Amino acid sequence: MEDLEKLRFNIRHSAAHIMAEAVMNIFPGTKIGIGPPTSDGFYYDFDCPKQLSKDDFKDIEREMKKIIKSKRKFTGEVVSRDDAIKRFYGQEYKLEIIKGIPKNEKLTIWSHESWEDICKGGHVDSTNKIKAFKLLDVAGAYWKGDEKNKMLQRVYGTAWESKEEQKKYLEKLELAAKRDHRKLGVSLDLFYFDEFSPAMPFFLPKGTFIMNELTNYMREKYKKYGYQEVITPQIFSSKLWDLSGHSSHFQENMFFTENDENKMGIKPMNCPSHYLLFRSRLHSYKDLPIRYADFGRLHRNERSGVSHGLTRVKSFSQDDSHIFCTKDQIEAEILSFLNLLQEVYEDFGFEKPTFYLSLRPENRTGNDDMWDHSESVMKSILEKSGMEFSIQDGEGAFYGPKIDITVPDALEREWQLGTVQLDFFASEKFGLNYINKDGDKENVVLIHRAIFGSLERFFGILIEHFGGSFPFWLSPDQFSLIPVSENHFEHCKNIENKLVSKGLRGKADLSNDRFNNKIRKAQQMKIPLMIIIGDKEVENNSLTIRLRNGKNLNDIKNESLIQVFEENSKINNDDGLKAVLEEI
RNA sequence: GCCCACAUAGCUCAGUGGUAGAGCACGUUCUUGGUAAGAACGAGGUCACCAGUUCAACUCUGGUUGUGGGCUCCA
């Protein structure tokens, strides 16, 4: 397995070199940036006199094929700095890379006879080991990833050890695209976007149902874990944002409005309003920890070009909560939170979230002692919880270290959902304190935390995770009653009334479509239960149920079905549902 | 914000310098049917918006807005 991974790495790395040669051959004067392998392919950055487009891919691919077929050997050599500078004369980006390599490190150049690159190595021995490749996309990318630098043209491609593997990969991409929540959002009538309110989702009744169900689900968890829900305003005087630091740090991401002479800011986060709530009353150490939860709507004026379906929007809500506690309570609070978080992710079937511990950034508040302490607290908590995590240096919030949890979407783009952040800054700034045992005022420790992150984003990821086939309890329509002929309309209507009166969601399909088409429509809407009613069912007072996976359950009694639903309001998947129904 | 691409009916998409088409969906009628599309007819579009070129622009040019793929930033 490791060998295969290495082979693929080498193939893709080599393909990047070959693509760079091809581009330079076709478009003389091209300057090259960097060209690494990625998890499924490779890219190379070019400063090319021609504006590249997908129309150029054919030519580039043809040139690459020529190079691959000529079976050129990859070889590496250690070179002196002067030699390297000479050999990359005119290639300003390469020269910058050479300059950036520490003096005590060896410089290596890898060549495949007709072309060479400054490169650490990791190649196939001959170009013809690349059995399949395809260029996929071209996009802009800043040199060295810095937006102050020139924008280069990045060409993306994929490469494989066999044609079959590449075909499988391309098919996987197609399947993933079908699960894209933006497509399913339209076809399942969940939400839509309108030019009149860019990047702010409108939820249709079905989408609204699911959003509310998610909120209710979280409210139940909150009861169990001792959170108290609060409601706070939408718009605040700019003075609050000056105090919180948002005016200086977050202003370009905020919406503002005027009221008479007063400048008002629409909240992009709940934190400051929770601080105000907390300090509006006197607190004893006996009251702590206090956990305020808030599903309030937030607005962030994102830079254009960053919005993305439901996963990056300008108007959203969070399962946001702020925990006010003492220093001694930090560990227990965070452990309890991580416990809750895993419970939630398990309920939704997210088996492989990734945990990141983000440590002190360059721009930060507080002294090093405080950071040393809080970082080691976070680390030991993670270690205690037994979770695997990776460390991201410099990615922490300016007020404290944090743990971020990400989950991938259908196209394997990682999205951050949950987060837990320690904050030693807010309590000082806002005077958030409590009366300790000695009767003295002491600052609280503040913990910011969320599990879904944004409900909108979570919903989007969830749509893709389930491919639109929501678990029974989350399905906006749980059943569709399908009469075999018009003779069964009446009977269907009766059963619909019974099921609906028991709190189930769905209706009888009394349209004048044919039976087959009714099944097709229910199937397309991914309704969990298609209940078929014909002569047989009317006669036996029973139901035939078709599940959306195509499986059939015969001769189910009406009354027992209703009873089963009542006893199993949360059935998480089709298999569980089937098992339950089969017991009838 | 930056680079590139795209914008035609509710949805998915054809299309041409001489003011528009298909399939699905929708409506009406016919059809009385057993597990993913029965049939006929009908309704529908300032071809995103604003300018320019032209006798004539949905089509060419420029701008604006929005969307998509990335970069940067972030829940």
Side-chain angles (χ1 to χ4, degrees), chain A residues 43 45-48 51-56 136-156 177 180 182-183 186-187 189 192-199 250 252-253 268-270 298 300 302-314 316-320 395 397 402 404-407 411 413 415-419 421 448 450-458 460-461 482-489 511-525 530-537 544-548 550-552 554:
Chain A
Y43 66 81
D45 288 347
F46 302 109
D47 183 357
C48 181
Q51 182 54 252
L52 296 173
S53 77
K54 285 190 174 183
D55 298 337
D56 297 311
L136 297 176
D137 250 311
V138 55
Y142 298 108
W143 167 238
K144 287 188 166 173
D146 187 336
E147 65 181 325
K148 290 187 200 90
N149 287 341
K150 181 163 182 178
M151 182 157 273
L152 307 179
Q153 302 184 56
R154 176 170 296 177
V155 178
Y156 288 90
D180 190 317
R182 292 166 299 185
K183 286 214 156 49
V186 173
S187 59
D189 290 332
Y192 101 108
F193 289 91
D194 196 286
E195 269 192 47
F196 281 110
S197 189
F250 212 74
E252 59 176 31
N253 282 311
M269 300 179 188
N270 289 309
L298 307 175
R300 295 187 192 172
E302 299 285 352
R303 298 168 85 177
S304 69
V306 305
S307 63
H308 181 95
L310 287 182
T311 46
R312 186 83 182 265
V313 288
K314 291 184 180 175
F316 61 104
S317 58
Q318 296 179 316
D319 61 324
D320 195 12
E395 295 294 312
K402 58 176 182 170
D404 288 329
I405 304 96
T406 70
V407 160
L411 293 165
R413 290 176 286 219
W415 291 97
Q416 186 185 323
L417 299 180
T419 188
Q421 314 178 349
H448 309 251
I451 297 168
F452 290 156
S454 117
L455 270 108
E456 281 74 4
R457 173 177 296 176
F458 188 77
I461 300 286
I482 299 178
V484 171
S485 83
E486 237 171 42
N487 301 331
H488 315 111
F489 276 22
S511 65
N512 75 355
D513 279 319
R514 273 189 75 200
F515 167 72
N516 281 5
N517 204 22
K518 289 181 185 183
I519 287 179
R520 180 165 185 269
K521 280 181 175 167
Q523 196 74 50
Q524 280 177 330
M525 292 308 282
M530 285 154 269
I531 305 175
I532 316 281
I533 305 293
D535 288 340
K536 225 168 31 183
E537 287 77 12
T544 298
I545 295 176
R546 178 193 159 103
L547 300 174
R548 61 193 154 182
K551 286 180 187 156
N552 258 5
N554 298 314

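Being a predicted model, the structure only gives us computed values, none of them experimental. Chain identifiers are assigned alphabetically (A, B, ...) following the order of the sequence lines, protein sequences preceding nucleic acid strands; residue numbering begins at 1 within each chain.
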Problem set entry | A:F316 ring over B:A75 six-membered base ring, under 5.5 Å and 30° | yes
Exercise. Taking atom P of B:U35 as reference, at what distance in whole Å does atom CG of A:D513 sit?
Worked result: 16 Å
Exercise. Which heavy atom of A:I451 sits nearest a heavy atom of A:D319, and at what distance?
Worked result: N-OD2, 2.7 Å
For this session: Write down the distance between CG (A:D56) and C1' (B:A5), rounded to a whole number of angstrom.
Result: 13 Å
For this session: Compute whether any side-chain donor of one residue and acceptor of the other, for A:D194 and A:Y192, lie under 3.5 angstrom apart.
Result: yes
Exercise. Can a donor-acceptor pair be found between the side chains of A:D535 and A:H488 at a distance below 3.5 Å?
Worked result: yes
Problem set entry | A:N512 side chain, from C-beta outward: closest of B:G1, B:A36, B:U29 | B:U29
Exercise. OP1, OP2 of B:C4 versus side-chain N and O of A:S53: anything below 4.0 Å?
Worked result: no
Seminar exercise, completed: Considering only heavy side-chain atoms of A:P198, the closest of B:G66, B:G69, B:C26 is B:G66
Exercise. Just wondering, do A:N253 and A:E302 contact through their side chains at under 4.5 Å, heavy atoms?
Worked result: yes
For this session: Evaluate salt bridge (Lys or Arg N to Asp or Glu O under 4.0 Å) for A:K144 paired with A:D146, printing each intermediate quantity in order.
Result: CA-CA 5 Å; A:K144 287 188 166 173; A:D146 187 336; over 6 Å; no
Problem set entry | Length of the line joining A:Q421:CD and B:C74:P, which is rounded to integer Å | 12 Å
Exercise. Hey, is the side chain of A:R303 pairing donor to acceptor with the base of B:C73 inside 3.5 Å?
Worked result: no
For this session: Calculate the interatomic distance between A:M525 atom CE and B:C11 atom P; express it in whole Å.
Result: 15 Å
Exercise. What nucleotide among B:C73, B:U35, B:G33 has an atom nearest to a side-chain atom of A:V306?
Worked result: B:C73
Seminar exercise, completed: Which of B:U72, B:A75, B:G68 is nearest the side chain of A:R300? It is B:A75
Problem set entry | B:G44: syn or anti, per glycosidic angle within 90° of 0 | syn
Exercise. Please give, in whole Å, the distance from B:C71 P to A:Y156 OH?
Worked result: 4 Å
Problem set entry | Polar pair under 3.5 Å, donor/acceptor by atom type, side chain A:Q51, base B:A5 | no
Problem set entry | Polar pair under 3.5 Å, donor/acceptor by atom type, side chain A:R312, base B:C73 | yes
For this session: Decide, yes or no, whether a salt bridge links A:D137 with A:K54 under the criterion of side-chain N to carboxylate O below 4.0 Å.
Result: yes
For this session: Please report the closest heavy-atom contact between A:V313 and A:E456, naming both atoms and the distance.
Result: CG2-CB, 4.2 Å
Problem set entry | Closest listed nucleotide, where the reference is the side chain of A:I519 and the choices are B:A36, B:A75, B:U67 | B:A36
Exercise. Side-chain donor or acceptor of A:Y43 under 3.5 Å from a matching atom on the base of B:G70?
Worked result: no
For this session: Could you tell me which nucleotide pairs with B:A9 by Watson-Crick or G-U wobble geometry, both distances under 3.5 Å, or answer none if nothing does?
Result: none
Exercise. Think A:R413 has a side-chain N or O under 4.0 angstrom from the OP1 or OP2 of B:G70?
Worked result: yes
Exercise. Using a cut-off of less than 4.0 Å, is there contact between a side-chain N or O of A:H308 and OP1 or OP2 of B:A75?
Worked result: no
For this session: Confirm from the modelled atom types if A:R514 and B:A37 form a donor-acceptor pair under 3.5 Å, side chain to base only.
Result: no
Problem set entry | Heavy-atom side-chain proximity of A:K402 to A:H448 below 4.5 angstrom | no
For this session: Name the closest nucleotide to the A:A139 side chain, picking from B:G69, B:G33, B:C73.
Result: B:G69
Exercise. What nucleotide among B:C11, B:A75, B:G33 has an atom nearest to a side-chain atom of A:V313?
Worked result: B:A75
For this session: Scan A:G460 against the nucleic acid and name what it touches under 4.0 Å (heavy atoms): base, sugar-phosphate only, or nothing.
Result: nothing
Exercise. Quick one: on RNA chain B, does A:L310 or A:I533 contact a more 5' nucleotide (nearest heavy atom)?
Worked result: A:I533
For this session: Tell me the partner of B:G68, counting only Watson-Crick (N1-N3 plus N6-O4 or O6-N4) or G-U wobble (N1-O2 and O6-N3) with both under 3.5 Å; none if nothing fits.
Result: B:C4
For this session: Go through B:A25, B:G34, B:C3 for me and flag the one nearest to the A:M151 side chain.
Result: B:C3
For this session: May I ask which nucleotide in the shown strands pairs with B:G42, Watson-Crick or G-U wobble, both distances under 3.5 Å?
Result: B:C26
Exercise. Which of these nucleotides, B:G68, B:C74, B:C71, is closest to any side-chain atom of A:R154?
Worked result: B:C71
Exercise. Can you check the A:K54 NZ to B:G70 C1' distance for me, whole Å?
Worked result: 11 Å
Exercise. Closer to the 5' end of RNA chain B via nearest nucleotide, is it A:D180 or A:G453?
Worked result: A:D180
For this session: Give one of base, sugar-phosphate or nothing for A:D535, where a contact means two heavy atoms less than 4.0 Å apart.
Result: base
Problem set entry | Side-chain N,O (A:Q416) to OP1/OP2 (B:A75) below 4.0 Å | yes
Exercise. Per the atom types in the model, does the base of B:G34 pair as donor or acceptor with the side chain of A:E537 at under 3.5 Å?
Worked result: yes
